[in-house]
Amino acid sequence: MKILVMESSPHKHGSSNLLAAEFIRGATEAGHQTQVFDVARANLRPCLGCDACGMSGPCVQKDGMEELQRRILASDMVVFVTPLYYFGMSAQLKTAIDRFYSFNGELAAKHLKTALIAAAWDSNDWTMQDLAGHYQTLCRYLHFNDQGMLLGTGCGTVSMTQSSRFPKLAYALGKSLTE
């Protein structure tokens, strides 16, 4: 299976990317092809809401979204990786997801497998509920086939994350994937 991992942390060596690396290790060991697209460092502009694409492209903006769209559509699975910022996904990931609008129908028709990997400082039981709800709504709307959510609470620093159970769970999620 071809897996695209969309990292979105402004902290390249932060907790969410640490969890992504463990997921990738597990998926690679299970025989899957993985690649990373770093939306935090890509030249992606926000959706203009101009509707020139009519939800079937092309987008009037010429930026890194063209490459990201090609990679998504060439993949069997997309993994959304984000730090938790004010109880939602990073602005960088939200920017990329908002741009799905220009190929909405094509994306929904693919029935992609997806997963969510998130890291949060907070460890309250309600910390991730809104992010999880947003992800589940995206899955319903775009006909994604959810393969799992790894919601790493109490992962505020790399050392906190490394000493938590979440790296092992991220690895296990990647390793458990089947075609």
Side-chain angles (χ1 to χ4, degrees), residues 3-11 14-24 26-27 36-40 42 44 46-49 51 55 65 68-69 71-73 75-157 160-161 164-174 176-178:
I3 303 171
L4 177 64
V5 178
M6 290 176 55
E7 294 181 345
S8 68
S9 177
H11 303 281
S15 292
S16 63
N17 288 355
L18 181 153
L19 295 175
E22 286 301 304
F23 170 87
I24 290 166
V36 173
F37 189 94
D38 188 344
V39 299
L44 297 177
C47 179
L48 299 172
D51 204 32
M55 296 178 75
M65 192 63 198
L68 178 55
Q69 179 180 341
R71 289 191 191 192
I72 289 170
L73 294 175
S75 298
D76 303 304
M77 180 175 183
V78 173
V79 181
F80 302 104
V81 181
T82 185
L84 185 75
Y85 286 167
Y86 285 90
F87 309 100
M89 65 184 69
S90 70
Q92 293 82 354
L93 183 57
K94 181 70 166 78
T95 295
I97 289 172
D98 285 351
R99 296 285 298 280
F100 288 178
Y101 185 81
S102 69
F103 62 109
N104 202 68
E106 190 175 10
L107 184 57
K110 263 191 82 69
H111 296 274
L112 278 172
K113 292 181 179 183
T114 60
L116 172 66
I117 296 175
W121 184 284
D122 206 350
S123 56
N124 291 316
D125 61 352
W126 51 266
T127 298
M128 297 280 201
Q129 73 183 18
D130 291 327
L131 175 61
H134 188 178
Y135 169 72
Q136 291 165 338
T137 298
L138 287 171
C139 288
R140 278 192 299 273
Y141 177 66
L142 290 170
H143 307 290
F144 292 159
N145 182 2
D146 175 33
Q147 302 299 294
M149 290 186 283
L150 180 72
L151 305 175
T153 54
C155 293
T157 65
M160 288 168 69
T161 305
S164 76
R165 62 192 169 102
F166 295 108
K168 287 183 177 124
L169 292 174
Y171 170 83
L173 177 59
S176 72
L177 297 173
T178 60

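Atoms CD and CE, on Gln147 and Met77 in that order, are 5.0 Å from each other to the nearest 0.5 Å. Going from atom NE2 of His143 over to atom CG of Leu107 covers 10.0 Å, rounded to the nearest 0.5 Å. Here Glu7 contributes atom CD and Thr82 contributes atom OG1; the two are 11.0 Å apart, rounded to the nearest 0.5 Å. Between the CG atom in Asp38 and the CG atom in Asn17 there is a gap of 6.5 Å [rounded to 0.5 Å]. Atom CE of Met65 is separated from atom OH of Tyr101 by 14.0 Å, given to the nearest 0.5 angstrom. Atom-to-atom distance recorded for Leu150:CG and Cys155:SG is 8.0 Å, nearest 0.5 angstrom.
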Evaluate the criterion side chain to side chain contact (heavy atoms under 4.5 Å, CB included) for residue pair Met128 and Tyr135; output intermediate values, then yes/no.
-> CA-CA 11 Å; Met128 297 280 201; Tyr135 169 72; over 6 Å; no
Quick one: do Val39 and Thr95 satisfy side chain to side chain contact (heavy atoms under 4.5 Å, CB included)? Show the steps, please.
-> CA-CA 9 Å; Val39 299; Thr95 295; over 6 Å; no
Could you please spell out the steps behind the side chain to side chain contact (heavy atoms under 4.5 Å, CB included) verdict for Leu68 and Leu4?
-> CA-CA 10 Å; Leu68 178 55; Leu4 177 64; 4.0 Å; yes
Pair Leu177-Ile3, side chain to side chain contact (heavy atoms under 4.5 Å, CB included): steps then yes or no = CA-CA 10 Å; Leu177 297 173; Ile3 303 171; 3.7 Å; yes
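At a threshold of 4.5 Å between non-hydrogen side-chain atoms, the residues Leu112 and Ile72 count as touching. At a threshold of 4.5 Å between non-hydrogen side-chain atoms, the residues Tyr141 and Asn104 count as touching. Within the 4.5 Å cutoff, no side-chain heavy atoms of Trp121 are placed close to those of Leu84. For the pair Met89 and Ile97, the minimum side-chain heavy-atom distance is below 4.5 Å. In this structure the side chain of Leu151 reaches within 4.5 angstrom of the side chain of Leu116, judged on heavy atoms. You'll find the side chain of Pro167 reaches within 4.5 Å of the side chain of Leu19, heavy atoms only. Residues Ser15 and Met160 have side chains not in contact (no heavy-atom distance under 4.5 Å, counting atoms from C-beta outward). No side-chain heavy atom of Phe80 sits less than 4.5 Å from a side-chain heavy atom of Leu138.
Across Asn145 and His111, no two heavy atoms sit closer than the pair CB-O, 4.5 Å. Smallest separation of non-hydrogen atoms from Val81 and Ser8: O-OG, 2.6 Å. Residues Phe37 and Ala42 come closest through the heavy atom pair CE2-CB, 3.6 Å. Taking each heavy atom of Met149 and Ala132 in turn, the nearest pair found is SD-CB, 3.8 Å.
Taking the six-membered ring where tryptophan is involved, the planes of Phe144 and Phe100 are perpendicular, since the angle between them exceeds 60° and thus also 30°.
Counted by atom type alone, Thr153 and Thr127 present zero donor-acceptor pairs between their side chains at under 3.5 Å.
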